[in-house]
Amino acid sequence: MLLLLLTAVVLLAPVPRLTPTATSVPTAPDPDPASAPAAAVPAVGRAWPVGVRPPILRGWEPPATTYGRGHRGVDLAAPAGAPVRAVAAGRVSFAGRVAGKGVVSVELPGTGDPPLRTTYEPVRATVKKGDEVEAGEVVGTVEATGSHCTETCVHWGLRRADAYLDPLSLLPPWLLRSGPSRLLPVLGVPLPS
């Protein structure tokens with residue numbers, strides 16, 4: 001009976017957000033109302049931008065003010081030439097170069113007003129402005145140069161208007177979990193003889 005109760009407690013407990021910044025960087029309330037999100041971020045993501053669950057080289061570190069220091073996205077390890085995928089379905093709002101870096105931005109319809117927009121850089125685009133993309137569809141490949149990481153990576157960002165948000169919040173818990181699935185004992189089923 002105790003095992004059944006413990007199993008139920010584990011299965012029904014909320015999943016904690018485990019990101020590199022959740023344990024290492026305290027977050028304070030944003031004193032600048034202009035950068036506050038207009039609405040919560042829905043977990044509409046259905047794929048990681050690169051790989052299955054890529055190593056996070058640097059997490060999201062929100063700035064204290066609009067122009068303050070911080071990291072306005074997440075850096076994901078990825079080799080040059082690796083495919084970069086749309087996290088969620090949307091419409092390409094930009095595909096080109098900014099300050100010498102390849103950038104792809106995808107606007108996510110149905111995510112509020114104004115809608116959310118994801119960005120990926122440095123990426124050699126295989127899509128153009130106006131293209132409709134599905135979750136998991138390739139939008140480009142990782143460029144060998146142009147990254148601000150010490151190794152090749154993709155900087156993945158999320159914005160609503162001028163407010164930067166944590167891109168990991170787009171992913172549902174089942175995509176964020178790491179480690180293998182665990183089988184629990186089935187109670188009340190006779191063992192084979």
Side-chain angles (χ1 to χ4, degrees), residues 17-25 41-63 69-109 111 115-180:
R17 292 268 325 218
L18 297 177
T19 64
T21 58
T23 57
S24 61
V25 179
V41 175
V44 296
R46 296 294 173 257
W48 282 91
V50 289
V52 176
R53 188 175 190 317
I56 297 172
L57 301 176
R58 185 173 177 194
W60 184 65
E61 299 166 16
R69 291 173 40 133
H71 190 240
R72 293 163 174 84
V74 174
D75 293 337
L76 305 172
V84 177
R85 301 179 185 283
V87 171
R91 179 185 302 267
V92 176
S93 57
F94 180 83
R97 302 202 71 75
V98 176
K101 296 181 191 180
V103 178
V104 174
S105 294
V106 178
E107 189 172 280
L108 310 178
T111 57
L116 294 170
R117 186 175 69 240
T118 59
T119 58
Y120 314 94
E121 65 178 74
V123 174
R124 182 172 313 284
T126 57
V127 292
K128 62 184 182 314
K129 182 177 179 178
D131 286 354
E132 296 283 337
V133 294
E134 295 297 321
E137 186 175 333
V138 174
V139 296
T141 56
V142 179
E143 291 184 330
T145 60
S147 170
H148 59 257
C149 301
T150 56
E151 57 187 272
T152 310
C153 77
V154 168
H155 178 83
W156 172 31
L158 177 66
R159 290 178 69 171
R160 182 184 306 280
D162 292 331
Y164 290 90
L165 305 168
D166 183 1
L168 291 174
S169 62
L170 279 175
L171 299 179
W174 61 270
L175 267 176
L176 288 170
R177 287 191 193 110
S178 62

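The structure displayed is predicted, hence computed values, not measured ones.
- Using a distance-only test at 3.5 Å, with no hydrogens or angles considered, no donor-acceptor pair links the side chain of W48 to the main chain of L171.
- Shortest non-hydrogen contact noted between A77 and P54 is O-CB, 3.7 Å.
- R91 places no side-chain N or O within 3.5 Å of a backbone atom of E132 that could act as its donor or acceptor partner.
- Side-chain contact check for R72 versus P63: some heavy-atom pair is nearer than 4.5 Å.
- Interatomic distance, CG of L165 versus CG of L170, reported as 8.5 Å (0.5 Å rounding).
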Check the pair V106, Y120 against side-chain contact (heavy atoms from CB on, under 4.5 Å), reporting the backbone distance first and the verdict last. CA-CA 9 Å; V106 178; Y120 314 94; 4.2 Å; yes
Evaluation steps, side-chain contact (heavy atoms from CB on, under 4.5 Å), between W60 and L158: CA-CA 10 Å; W60 184 65; L158 177 66; over 6 Å; no
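- Taking both residues in full, the closest heavy atoms of A89 and L108 are given as O-CD2, 3.5 Å, listed atom of the first, atom of the second, then distance.
- Although no hydrogens or angles enter the test, the distance criterion places no donor-acceptor pair under 3.5 Å between the side chain of S169 and the main chain of V41.
- Within a 6.0 Å sphere centred on CZ of R46, heavy atoms belonging to other residues, nucleotides or ligands number more than 12.
- Closest heavy-atom contact between A80 and T152: N-CG2, 3.6 Å.
- Taking both residues in full, the closest heavy atoms of K101 and G146 are given as CE-O, 3.0 Å, listed atom of the first, atom of the second, then distance.
- Nearest heavy atom pair, residue L116 against residue P42, reads CD1-CD, 3.8 Å.
- Of all heavy-atom pairs between S93 and E107, the closest is OG-N, 4.1 Å.
- In this structure, R160 contributes its side chain and T111 its backbone to a donor-acceptor pair below 3.5 Å.
- Below 30°, between 30° and 60°, or above 60°: for H71 and H148 the angle between ring planes is above 60°, a perpendicular geometry.
- From Y164, atom OH reaches atom OG1 of T119 across 8.0 Å, with rounding to the nearest 0.5 Å.
- Expressed to the nearest 0.5 Å, how far CG of D75 lies from SG of C149 amounts to 3.5 Å.
- Among the candidates L76, V123, V138, T126, the single residue satisfying the side chain to side chain contact (heavy atoms under 4.5 Å, CB included) test with V84 is V123.
- Checking side-chain atoms of T141 against main-chain N and O of P83 turns up no donor-acceptor pair under 3.5 Å.
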